[in-house]
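So the structure is just underneath, and the comments pick up after that.
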Number of protein chains: 2
Amino acid sequence: MSLPEFKIAQLRHFVWVAELKGFHSAAEKACRTQPAISLSIRDLENKLGTVLFEKRNSKTSNTELTPFGRYFLPKAKELIAHHDNVAQDMALMSEHKTGHLRLASVPSIACRMLPELLSKFIADVPELHISFYDDNSEAVLRKVEKQQVDIGIASLPHGHEHADITFIPVWEDQLGVVCREDHPFAEATELHWKELRKQRLIRNGTSRLLEDTEAEPLLSDSQFLISNMLSLIAMLEEGLGITTLPWFAFPKNNSKLRFIPLTSPKIVRHIGIVQLKNKALSPAAEALAKFILTETAKNKAIGVKPE
Amino acid sequence: MSLPEFKIAQLRHFVWVAELKGFHSAAEKACRTQPAISLSIRDLENKLGTVLFEKRNSKTSNTELTPFGRYFLPKAKELIAHHDNVAQDMALMSEHKTGHLRLASVPSIACRMLPELLSKFIADVPELHISFYDDNSEAVLRKVEKQQVDIGIASLPHGHEHADITFIPVWEDQLGVVCREDHPFAEATELHWKELRKQRLIRNGTSRLLEDTEAEPLLSDSQFLISNMLSLIAMLEEGLGITTLPWFAFPKNNSKLRFIPLTSPKIVRHIGIVQLKNKALSPAAEALAKFILTETAKNKAIGVKPE
DNA sequence: ATCTACTGATAAGGATTCCTTATGTCACTA
DNA sequence: TAGTGACATAAGGAATCCTTATCAGTAGAT
């Protein structure tokens, strides 16, 4: 014998009739007509195999529960409450007001763009938990691929297009030369790579961007490699040499250093949102991606040195 | 914005698709066709506002949950489990396999009929709790009226017909004379009330049955009143006198005493099931009433001295 | 490559279920 | 004895659910 299957609406009708002591008031509350409630209750009684309300009798003009109905009432209410809890929880989740968002980003964007973006994004979603990782592009891509993170912000190295990831370009970040304010280059508005050959060039983590360009010979000329950004900046401020950096990696509000765009070759790295192809994002991640796209569209944020 | 309302069947479909990793297997389990499941899931996704399953993609021929779906799965399962618990509990209740049955009965029936009846009745309902009270008819009626018990077994005194109780006659219990086996009456097959006038008559709790009959004068003749049944029996066995008792109140298998029906007037009390008019019984009480009626119908139990 | 077998998606029709309007019944009231 | 209030019932239409038939993409096997 198979168990009956209650409908939530039906249970609600029952509770309302019981608590408002009447079919009419219950019908009103349910935004239904009275016969609808009658039928609903009858159906429920049939499923249960027992009547729930006393047959309208004696002086008491109020509809009263049977003992069986009294036994059922709290259970029905609990079940409805449970249902509504789940429904509400899922609604919040689906409006990304709650949940867990795991995000990885390349450090430059993490420092320059994300602080403002994220603080705006979470302004009206206080329940959202965010885990953030910063690392270089390869590591970000790896985290996305391994699903250690819902969404990534990185640039797409060559050879990675074929993989199971989708790339949505968001920012364009132009490579430039960084030197101290008293350096001969400091007042230039643009530079050609050959001008750098006579300089002491310090390589750094972003120097890979020069690979596969005409400026590649610079890499072999260079005798320094400093991967730590803070040390690199300190060295540059000391006047130890010059380096190349994407604009977004150039520290904001640094008064001792100058950024001069490299124009030939003009090297631009495209940074954007990275996610697993054919995998649906969690609502929160989806919302963040959309948020980033609309925000940056507004600001037309292109990573070149503004005037 | 109103919350969506899930259907239990729908949630089941979702869980099955998720756990069996496929719409086809889920359809089979649900005894539906595959398109039905597709639509069911789609409807659920619309209600939630988010997709639950990854769009059938790459190599993985298995249908996989989205992060959102993974979050929903346990909640859906809990909700289904809760529903099924309630449904099962109510089904048991409605098959009176569980619950609480409060019963009051007149002592004679309680001793003579109920032990067998109740033991048969509860044989296949081990979960049923029974509270039992025995008392005289008035007390039983009072308990029923005050809803201290669900159902009562008593006879209906005159003047009680108008009250809010229903009486279903079950047993007929004939009044007779009880004396010791060596008493002159012992071998008689029937007696007239006038024959008792010369005897020492001991009144008892059931003597009220003689009121309003032609035998009423006996009551004023009698100088003894023993209300405790055990004492009464002891007195009778001592040969202290005789008394009148309904057959059901006459102790079964008593070898020292004899029961002789009183034929003029023939006094029969109707004992039956008493319940509150217009009040539905709890399923267990309902079942007991029905059980008593069918059992006694089988045995044609009439309370006269059988040969 | 092409065929087959598997997946789920989609369309159109019929069967059910649900809800509404209109009316009925019963008990209490004036 | 008509009136009122509260629920039951009947019949028709609307919405939902489910089915059959068909489509479309992918994987594996010729």
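Letters A, B, ... are given to chains in the order of the sequence lines, protein chains preceding strands, and every chain is numbered from 1.
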Taking NZ, NE, NH1 and NH2 as the nitrogens, is one of them in A:R12 or A:D84 under 4.0 Å from a carboxylate oxygen of the other? yes

Sequence neighbours left out, what pairs pass salt bridge (charged side-chain N to carboxylate O under 4.0 Å, His left out) with at least one residue falling in residues 27-41 of chain B? none

Contacts under 3.5 angstrom, residues 33-41 of chain B side chains, donor-acceptor by atom type, not counting sequence neighbours:
| residue | atom | partner | partner atom | Å |
| --- | --- | --- | --- | --- |
| B:Q34 | NE2 | B:S38 | OG | 3.1 |
| B:S40 | OG | B:H13 | ND1 | 2.8 |

Figure out the CG/C1' separation between B:D43 and C:dG8, and round it to whole Å. 17 Å

Between C1' on C:dG8 and CD on B:E54, what's the gap in Å once rounded to a whole number? 14 Å

For A:R42, enumerate each residue passing the side chain to side chain donor-acceptor pair (under 3.5 Å) test, keeping only those at least two apart in sequence or located in another chain. none

Nearest whole Å is fine: how far is D:dA8 P from A:I37 CD1? 11 Å

For B:S131, give me all partners under side chain to side chain donor-acceptor pair (under 3.5 Å), at least two apart in sequence or on another chain. B:H100

Give the rounded distance in Å between these two atoms: CZ of A:R32 and C1' of D:dA15. 11 Å

Calculate the interatomic distance between A:L52 atom CG and D:dA8 atom P; express it in whole Å. 12 Å

Integer-rounded Å distance: C:dT7 P and B:E64 CD: 15 Å

Would you tell me if any nitrogen or oxygen in the side chain of B:H24 comes within less than 4.0 Å of OP1 or OP2 on C:dG8? yes

Rounded to whole Å, how long is the line connecting atom CD of A:E45 with atom P of D:dC7? 13 Å

Phosphate OP1/OP2 of C:dT20 contacted by A:T33 side-chain N/O (<4.0 Å): yes

Do any N or O atoms of the protein come closer than 3.5 Å to N or O atoms of nucleotides 9-11 of chain C, and which pairs are they?
| residue | atom | partner | partner atom | Å |
| --- | --- | --- | --- | --- |
| C:dA9 | OP2 | B:S38 | OG | 2.8 |
| C:dA9 | N7 | B:Q34 | NE2 | 3.0 |
| C:dA9 | N6 | B:Q34 | OE1 | 3.2 |
| C:dT10 | OP2 | B:R42 | NH2 | 2.8 |

Of all residues at least two apart in sequence or in a different chain, which pass the side chain to side chain donor-acceptor pair (under 3.5 Å) check with B:E19? B:K77

Distance in angstrom units between B:H13 NE2 and D:dC18 P, rounded: 6 Å

